[in-house]
Amino acid sequence: MAAVKQTVEQVQGLEKYKHGFSSDIEQDFAPKGLNADIVRFISAKKNEPQWMLDSRLDAFERWLAMDEPDWAKVNFPRIDYQDSYYYAAPKEKVGIASLDEVDPEILEVYKKLGIPLKEQEVLAGVVGSPRYAVDAVFDSVSVVTTFKKELAQVGVIFCSMSEAIREHPELVKQYLGSVVPVSDNYFACLNAAVFSDGSFVYVPPGVRCPMELSTYFRINAENSGQFERTLIIADKGSYVSYLEGCTAPMRDENQLHAAVVELVTMDDAEIKYSTVQNWYPGDPETGKGGIYNFVTKRADCRGDRSKVSWTQVETGSSITWKYPSCVLRGEGSSGEFYSIAITNGRQQADTGTKMIHLGANTRSRIISKGISAGRSSNTYRGLVSAHPKAKGARNFTQCDSLLIGKHCAAHTVPYIEARNGQAKFEHEATTTRLSEDQLFYAMQRGLSQEEAVQLLVNGFVKDVLQELPMEFAVEAQKLVAISLEGSVG
Amino acid sequence: MSVAAAIRTRDVGELPSRRDEDWRWTDLRGLIRVLPDASEAFTGTLSPGPFDRLAADHHVLVNGGDARIDVAAGKKTLVALRLVSRGVGAHASRVTINLGAGARLRLLESYESDGASVCQTALTITLAEGAALERIVLAQDHEDAVSVSQAEVRLSPTADFGQTIVASGARRQRLETRVVHPGGRASARMDGVYLVADKRHTDHTTVVTHEGVDGTTSQLIKGVARDQARAVFQGKIIVSEGADRTDARMGHHALILSDRAEVDAKPELEIYADDVSCAHGNTVGAMDEDALFYARQRGIPEPEARAMLTEAFIGQVIDRIWFEDARKVVRKWAAERLRV
């Protein structure tokens, strides 16, 4: 009964949003508001070359001409784009050479978050324990990237986006915006104009990245938006696994997080991208505050037999609006999407994926588990399409929704477009509440109602948790429990 | 904005376009540049309709008009309703159907066009408590026609509503049914079959809104697309807050029998109550090669084997028709279209 014991322990360890602290760190802000000068300010702050500034200004121009979309099943007051800071950075000493020079307050924040920034700590761990390299993004800038030297030995480039623009302009120029074009959508366009930082990864041909790469995003400053940009390129025959985690302090105002993530895989390459999103969800009673998480994530499987696997655990944010997608261009390429989306309190989530089959014999698999509790609303929205040339395309989709409570909502909105006779698409979806029989069984064995719910929910999401890297899986399981706290009884 | 308004005002701006979420796969504004003139009154003799021999009571609307069918409480009747388009004009029809408490109606509805007409039919159907309606629709439009049928159905508790829409497509063909379901042991069956070939298009759109406890909905739609045809299925089941113990099942399965045919589907669930059991399944694909191989290996020529397997595939929906005589008409109609 190890699993039960573990679950019981987890339930005991429950606490409210534990990342809700904010830290007093000296910060550099851009003036409040958004205009072309702010875009220039951000670019100048980051010492960017002219071509980057031009591309930002071009994006800003286009953004001004666009309308904010409203088709998602989410409701929120109109965002005042002038009432936010678009750049906030911890005041840093020029050119940090080692961790010792990083503001100790920031290190304290990451310590609280449990991020093993200090390589020594990781190395001091149990022999044979997995190690992972970390890029930490604090408000608008990347503060520290670890294990860079060791990665460089095998040719892997892992650095902040600002550094990549300076050090590897040819790669950035070639790939940035090639998966998510500047004017792809309203929020991606805004991001292209004001993005501050993010991670850049390049894995050279034939290299299997020796460790997990990860980024922790933290919004700390008040009234600021975070616009990070991540670009991962897996060259021929390479493999990389990348994790991202997000947290923010508890604040009464809504903060906007509009990130763009672009993945490119060449022949036989594979990227595994895992997200544990735990932004502050807002007050569960009043719905006040919380992060607006409007993110564009897309993978371009350019090479034959390439593969991208998205795994996400979405528990935070007051509003989530994101669809990690795969463009399956290469022959025999494949895409996977495993998702757990949990909404509680007054959270709203409209999330899912797009699998666009362009090449022959492309395959995709979607497993989505949505749980809604409290007064929340949880929508799965997905597209599976096959182009006339995508002969032998294959998709399997399973979306299950679980409802806990009388006032929550769960929706399933799949779009299926088959444009040739040799594609085979299967889709199934169910919506139910927790089984009374199973609850009764668990409670009759001595678990309290809340514990029983945790146990059943963990069983419900198991298929997806299994896809997460080990360290994340444990964390995610705990997160699932915390997110649903107080949703029964 | 509606098709009926467009026909009345002759303003193409009133037509729904792909920018309207409900019409994303059936774009009329992009298709129709100029609306044809209003259809002229028809004076000739009509050829017989598909259900003529089954029904004693006939309602025939040629090139538009209004019809009303009332079934008094406790009565039982069988009605054939023909919506006929002759020529290349535009017209709209309105049909009102009322069933009193415990009344029973078998409605045999057919859409028959013979040219590039643009027509819209609005049906308003109301079932009182304990009433039962089986609606069998045969949509056999001309390949150049644009045909839109929109039915609004309101059920009362303990009413039974069953429909099977059988369609062969048109230039654009839209068959839309919206049901307001009160729960209270009322039931709705929302079936459909489509067989589209050449460059035809067909669109089956259904929305069932469960508003009270203890309602059931069952839906099975199956179809076959060949050549460069395009089939659309949009099904939506809404369970409103408080509509507990709703049991809703939706299934859509399509065969694509050519490289250039297209099937688009959007099976949607929108649920605001927790004590429900809702599920949908959707498959799109080619014919099972193993089954085909088996049939051929038993000495059945390939075209014959294909027709046989397709017939069996859609036969499952036809078997769910309650009225046996109509089931036979539909089965024969389908068989004729499959063996070409």
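First the proteins, then the strands, lettered A, B, ... as listed; each starts at 1.
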Next item on the list: Could you walk me through whether A/R433 and B/V276 pass side chain to side chain contact (heavy atoms under 4.5 Å, CB included), step by step?
Entry: CA-CA 7 Å; A/R433 67 168 176 175; B/V276 296; over 6 Å; no
Item checked: Between B/D259, B/V263, B/T283, the one whose heavy-atom pairs under 4.5 Å with chain A are most numerous -> B/D259
Next item on the list: Measure the CZ-CG distance between A/R419 and B/D264 for me, rounded to the nearest 0.5 Å.
Entry: 6.0 Å
Next item on the list: Measure the spacing between OG of A/S385 and CD of B/E262 and express it to the nearest 0.5 Å.
Entry: 9.5 Å
Check: Is there a donor-acceptor pair under 3.5 Å between the side chain of A/H411 and the backbone N or O of B/I271?
Finding: yes
Checklist line | Atom group of B/E21 that falls short of 4.5 Å from chain A, counting heavy atoms | finding: side chain
Note to self: Please classify the contact between B/R24 and chain A as side chain, backbone, both or neither, with a heavy-atom cut-off of under 4.5 Å.
What the structure shows: side chain
Margin query: Please identify, among B/A254, B/A225, B/G285, the residue contributing the most non-hydrogen atom pairs under 4.5 Å to chain A.
Written below: B/G285
Checklist line | Separation between NZ of B/K266 and CD1 of A/I416, rounded to the nearest 0.5 Å | finding: 11.0 Å
Note to self: Is it true that, when you exclude B/R249 itself, more than 12 heavy atoms of the residues, nucleotides or ligands shown sit nearer than 6.0 Å to its CZ?
What the structure shows: yes
Check: What pair of heavy atoms forms the shortest contact from B/L269 to A/T431, and how long is it?
Finding: CD1-OG1, 3.7 Å
Note to self: Let's test your reading of the structure: which of A/L383, A/L403, A/T412 forms the most heavy-atom pairs below 4.5 Å with chain B?
What the structure shows: A/T412
Next item on the list: Taking atom CZ of B/F293 as the centre, report whether more than 12 heavy atoms of other residues, nucleotides or ligands fall under 6.0 Å from it.
Entry: no
Item checked: Choice from B/G281, B/A273, B/A261, B/P267 maximising heavy atom contacts with chain A below 4.5 Å -> B/P267
Checklist line | Note: A/K73-B/E268 ion pair, threshold 4.0 Å (strictly below) | finding: yes
Note to self: Counting only heavy atoms not in A/K424 (residues, nucleotides, ligands), do more than 12 fall under 6.0 Å from its NZ?
What the structure shows: no
Notebook entry, point to check: How far apart are the closest heavy atoms of A/G405 and B/D274, and which atoms are they?
Noted result: O-CB, 3.0 Å
Checklist line | Region of B/E270 in contact with chain A, defined by heavy-atom distances below 4.5 Å | finding: both
Check: Can you tell if the side chain of B/D275 reaches within under 4.5 Å of the side chain of A/K406, non-hydrogen atoms only?
Finding: yes
Check: Hey, which of A/A429, A/C408, A/A409 has the most heavy atom pairs under 4.5 Å with chain B?
Finding: A/A429
Checklist line | Residue among B/A286, B/S277, B/C278 with most heavy-atom pairs under 4.5 Å to chain A | finding: B/C278
Checklist line | CZ (B/R320) with more than 12 external heavy atoms under 6.0 Å | finding: yes
Item checked: Part of A/A423 within contact of chain B (heavy atom distance under 4.5 Å) -> backbone
